[in-house]
Amino acid sequence: MRVSNITPNSFTFTFLLRCFESFDALQCGEVLHSEILKLGFGSSVFAKNTLMDFYAKCGNLGLARKVFDEMPERDVVSWNTMIGAYTIHGNQEYAIFLFEAMPERNLVSWNSVIAGLLKAGNMELARSVFKRMPEKSDVSWNTMISGYVKLGDVENARAIFDEMPEKSIISWTAMVSGYAMRGDLQSARKMFDRMPEKNVVSWNAMIAGYVNNHMFDEALSVFQHMLIDGNYKPNQTTLISVLSACSHLGSQEHGKWVDSFIRKNKFDLSVPLGNALIDTFAKCGDMENAKAVFLRMGQRCIITWTTMISGLAVNGHCREAVELYGQMSLEVVEPDDVVFIAVLSACTHGGLLEEGKRVFYQMVNKFGIKPRIEHYGCMVDLLGRAGKFEEALSFIKSMHLEPNTVIWATLLSACKTYRNGELLESLTRRILEQEPNNPSYLTLIMNLSSSIGRWQDALNFRVATRDQGIVKTPGCSSIQIGNNVHEFLAKDTKHPQRKEIYRVLGCLNGHLKLCEVE
DNA sequence: GTAGGGTTAG
């Protein structure tokens, strides 16, 4: 461990602990701990505080508490660190207990305990502790504001904000995201525009606010204003939000722009940033650039693999997606339930029945992941599309979850290809029992009935749904060409170039029919 | 050079 003759001191260790913290390297921490004890640095309160914080941030409250209990003497930071640890892990009772037991308190102690109370949803007590404070700092006020905001109580947040004598950037930003969280983008924008000064985080809050409320054009426009202003430098968070907007808009141009921005400004391609970039390119159908980013990334996490696998799947590279899963198994990445949804849906889209069965088996038996209804859905889809109705039905019987309507509707869709009228009837009955008024299912049943020649059934359904006033929310797709985003609905008649579009669609359909025959 | 407040990807 030691490579030089210089003896490490307590600062060396605390610094190392800080470094390990970012990697969640609990084991390294334990090695360091024993080293600290051996060398006799354990007596320093400073070193112990850092160690305690390290254990807490690694999620091991027990070890943190052990260090705290065994300390021969403690300062106020030791107490605050332990209170903070309990707060982060939602262990509010212990936090309060320590707070009451402290020999002396400073502002941080009060603020931590208030933050914890708000996190636990205990507004009454938080407010009364806040009132009891001998003196307040801006952090105390901001803790109250952000606490209320996180609970979705913007009115009380605003009341504290208005009462606050000297508001800081943080107070304003908290209010911006508070209004945004509630979907009130007008008030959020008003706050944002009225801010006496801004920083990157405030811009980020505004951009993320628009993105979270699906106002992607507005998000990009705020980002543009930020660049035009020239006083602020976007950071990783900014770019991740902007990329999220790009991916929802399918805006390849913006995605490429962010990619080159990252290169030009020598941004570190961090895991979350790389993930967002991959997602954007994949949603734009640009798998070449997605792959390039994937390969450029120095580190990857499970989200990276999931994004890449599902990107390949939705763009039709289903085999490649399954192969990538194989590659993932070779690395030290622990798969989770979400990545298996991506892999299984790749199998479904590609009709890869055997691979799908194998992957499902591995998920359950090798990785011990309990299937969710989505996993079951993929398997039913896979079996149904392969025409294995018997197997699908017995698979559904073997599920440890109650089959929902989605499962039945998935199987139902498969009846179209195989013209299985009998199954269609029994599935229809089941679905209508469970969800008689869901317009999506009614439309599905109607279309299926007519597609296999049961015109009378289809007609009956249409009349029944119309009489009941059931209207299906139309699905909408969009594409960006140049700077314009074009939106399309089913049977759309509004687009200026509709004639050409329908002509091309007709052509495509013809080609597809030919493929089917072959 | 240890503790508390605003922004982030499947």
Nucleotide nearest A:Ser177 when distance is taken to its side chain, options B:dG5, B:dT8, B:dG6: B:dG6
Nearest-neighbour nucleotide for the A:Thr143 side chain, B:dG5, B:dA3, B:dT8 considered: B:dG5
Selected nucleotide, minimal atom distance to A:Val108 side chain, candidates B:dG6, B:dT7, B:dA3: B:dA3
A:Val77 side-chain proximity, nearest of B:dT8, B:dA9, B:dT2: B:dT2
More than 12 heavy atoms of other groups within 6.0 Å of A:Glu331 CD: yes
Reference residue A:Phe340; test ring-ring contact (aromatic ring centres under 6.0 Å, His included); the match among A:Tyr376, A:Trp305, A:Tyr325: A:Tyr325
Polar pair under 3.5 Å, donor/acceptor by atom type, side chain A:Asn199, base B:dG6: yes
Atom pair distance, as rounded to whole Å: CE in A:Met226 and C1' in B:dT7: 10 Å
Whole angstrom value for the distance that separates C1' of B:dG10 from OH of A:Tyr325: 17 Å
Side chain of A:Val201 - closest among B:dG6, B:dG4, B:dT8: B:dG6
Listed nucleotide nearest any side-chain atom of A:Thr307, set B:dG1, B:dG10, B:dT8: B:dG10
Touch class at under 4.0 angstrom, heavy-atom based, for A:Ile169 against every strand present: base
Between B:dA3 (P) and A:Arg74 (CZ): distance, integer Å: 18 Å
Aromatic ring pairing A:Tyr86/A:Tyr94, orientation class (parallel under 30°, perpendicular over 60°, tilted between): parallel
Touch class at under 4.0 angstrom, heavy-atom based, for A:Asn212 against every strand present: sugar-phosphate
Any A:Lys57 side-chain nitrogen or oxygen under 4.0 Å from OP1 or OP2 of B:dT2: no
Touch class at under 4.0 angstrom, heavy-atom based, for A:Ser171 against every strand present: nothing
OP1 or OP2 of B:dG1 under 4.0 Å from side-chain N/O of A:Asn49: no
Donor-acceptor pair present, A:Thr306 side chain and B:dG10 base, under 3.5 Å: yes
Within the 6.0 Å centroid threshold, strictly below: A:Phe68 and A:Trp79: yes
No-H, no-angle donor-acceptor pair, A:Thr87 side chain to B:dG4 base, under 3.5 Å: no
Donor-acceptor pair present, A:Asp138 side chain and B:dG5 base, under 3.5 Å: yes
A:Phe216 ring center within less than 6.0 Å of A:His214 ring center: yes
Distance, rounded to the nearest Å, where A:Met297 contributes CE and B:dG10 contributes P: 13 Å
Rounded distance (Å) that lies between atom P of B:dA3 and atom NE2 of A:His89: 15 Å
Spacing of A:Lys150 atom NZ relative to B:dT7 atom P, expressed in whole Å: 6 Å
Touch class at under 4.0 angstrom, heavy-atom based, for A:Val149 against every strand present: nothing
Touch class at under 4.0 angstrom, heavy-atom based, for A:Ile302 against every strand present: base
Touch class at under 4.0 angstrom, heavy-atom based, for A:Ser168 against every strand present: base
Proximal nucleotide (of B:dT7, B:dG10, B:dG1) relative to the A:Ala208 side chain: B:dT7
Phosphate-side-chain proximity, A:Lys283 and B:dG10, N/O vs OP1/OP2 below 4.0 Å: no
Length of the CE-P vector between A:Met82 and B:dG4, whole Å: 13 Å
Closest listed nucleotide, where the reference is the side chain of A:Asp53 and the choices are B:dT2, B:dG4, B:dT8: B:dT2
Residue A:Ile240, side-chain atoms from C-beta onward, closest of B:dT8, B:dA3, B:dG4: B:dT8
Among B:dA9, B:dG5, B:dT2, the one nearest A:Asn142 by side-chain distance: B:dG5
A:Arg189 and A:Tyr210: side chain donor to acceptor below 3.5 Å: yes
Over 12 foreign heavy atoms within 6.0 Å of CZ, A:Arg319: no
B:dA3 base / A:Asn111 side chain donor-acceptor hit below 3.5 Å: no
Whole-Å distance separating the CH2 atom of A:Trp172 from the P atom of B:dT7: 17 Å
